[in-house]
Amino acid sequence: MVGHNDEQEALSKLPPRTQQAYYLNREQGMTYGKVAEQLGTSIKTVEVQIARALSILRHELVSFMH
C-alpha cells in the first residue's frame, strides 16, 4: 500500500514549477486558469505540467508498490 510519505517522496522528484502547479491545482483546488495566473504562465503550460506531474507520480507510486 502506498502511504503519504511515499506520495511526498514522489512529489519531491517533480521539477519545482511542476510541483507548484500540481499543488495549486490538486491541493488548493485552483482551476488551470487560476494556476496560470498565479504562476504567470499560460493555461496550456499548466495543462502540460499537470499531465507531466500525474505521469511521473503514477510511475513513481507504482514502483513503491512493487
dist Leu11:CG -> Thr18:OG1 (nearest 0.5 Å) comes out at 11.0 Å
Please list, one pair per line, the donor and acceptor atoms closer than 3.5 Å that link side chains of residues 46-53 to other protein atoms, with sequence neighbours excluded.
none

Does Ser42 have any side-chain contact (heavy atoms from CB on, under 4.5 Å) partners at least two apart in sequence or in another chain, and if so, which?
Lys44, Thr45
Only pairs at least two apart or in different chains count here, so list each salt bridge (Lys or Arg N to Asp or Glu O under 4.0 Å) that has a residue in residues 24-40.
none
Nearest heavy-atom neighbours spanning Val35 and Leu24
CG2-CB, 3.7 Å
Got a sec, which residues hit side-chain contact (heavy atoms from CB on, under 4.5 Å) with Gln19, two or more places apart in sequence or on another chain?
Leu14
Measuring from atom CD of Gln38 to atom CD of Gln20, what distance do you get when rounded to the nearest 0.5 angstrom?
8.5 Å
